[in-house]
Amino acid sequence: MTNRFRNERLEIKLTTEEKELFKKKHEMSKSKSMAHFIRKSVLEAPIFVIDMSVFRRLQTLIGKNSNNLNQIAKRVNSTGIIYREDIEDLKKENDDISKEIIKIQNILTRKYMNRSD
């Protein structure tokens with residue numbers, strides 16, 4: 001790569017904050033030059049695309065579970081009564097959360113165990 005002829009130019013504009021961050025990362029990289037740092041970052045660094053939908057589903061389930069638990073706690077505190085159905089609903093919601101976590105684990109395992117890097 002060092003002896004290749006490079007005849008294409010690329011120019012970017014940065015905010016002051018972006019430029020400072022760029023400089024810090026360049027220094028941390030110990031690259032020979034800024035051009036070397038940019039080429040190394042672009043040509044060699046892996047790009048990760050993360051599908052956040054599985055996490056959003058998990059977040060929804062946890063939020064629903066928390067709300068239901070709070071409602072049950074309020075009722076128990078005011079009446080002293082807890083219903084079997086409420087407990088069963090919480091168990092089902094926790095099972096749903098566990099299933100989503102297992103899905104995420106399986107996705108991550110497939111993605112990172114099958115890498116050929």
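One-based numbering along the sequence shown.
- L90 forms part of a hydrophobic cluster together with L69, I72, V76, I82, I87, judged by ILVMFWY side-chain heavy-atom separations under 4.5 Å.
- Look at D96 and K64 and you find no salt bridge, because none of the NZ, NE, NH1 or NH2 atoms lies under 4.0 Å from a carboxylate O.
- The line from NE2 of H36 to OG of S41 is 9.5 Å long, rounded to the nearest 0.5 Å.
- Residues M34 and H26 share a closest heavy-atom pair of N-NE2, 3.4 Å.
- Separation of atoms CG (N68) and NZ (K92) is listed at 11.5 Å; rounding is to 0.5 Å.
- At a threshold of 4.5 Å between side-chain heavy atoms, the hydrophobic network of Ile, Leu, Val, Met, Phe, Trp and Tyr places M28 and I38 in two separate groups.
- One hydrophobic cluster, built from ILVMFWY side chains closer than 4.5 Å, cannot hold both V42 and L21; they sit in different ones.
- For Q105, the side-chain contact (heavy atoms from CB on, under 4.5 Å) partners are I101, I102, not counting sequence neighbours.
- Using the six-membered ring where Trp is involved, F22 and F37 have ring planes that are perpendicular, over 60° apart on the 30 and 60° scheme.
- Atom NZ in K32 sits 9.0 Å away from atom NZ in K40 (nearest 0.5 Å).
- Using a cutoff of 4.0 Å between basic side-chain nitrogens and carboxylate oxygens, K24 and E27 are not scored as salt-bridged.
- Here CD of E88 is found 15.5 Å from OH of Y83. Values are rounded to the nearest 0.5 Å.
- Note: K103 NZ to E100 CD = 4.0 Å, rounded to the nearest 0.5 Å.
- A distance of 9.5 Å separates CZ in R57 from CD1 in I97, rounded to the nearest 0.5 Å.
- A donor-acceptor pair is defined here as one N or O able to donate and one able to accept, closer than 3.5 Å; no such pair exists between the side chain of N65 and the backbone of L61.
- By the rule that hydrophobic residues join a cluster once side-chain heavy atoms approach within less than 4.5 Å of another member, L10 and L14 end up as members of separate clusters.
- By the 6.0 Å contact criterion, CD on Q59 is open, its count of non-hydrogen atoms from other residues, nucleotides or ligands being 12 or less.
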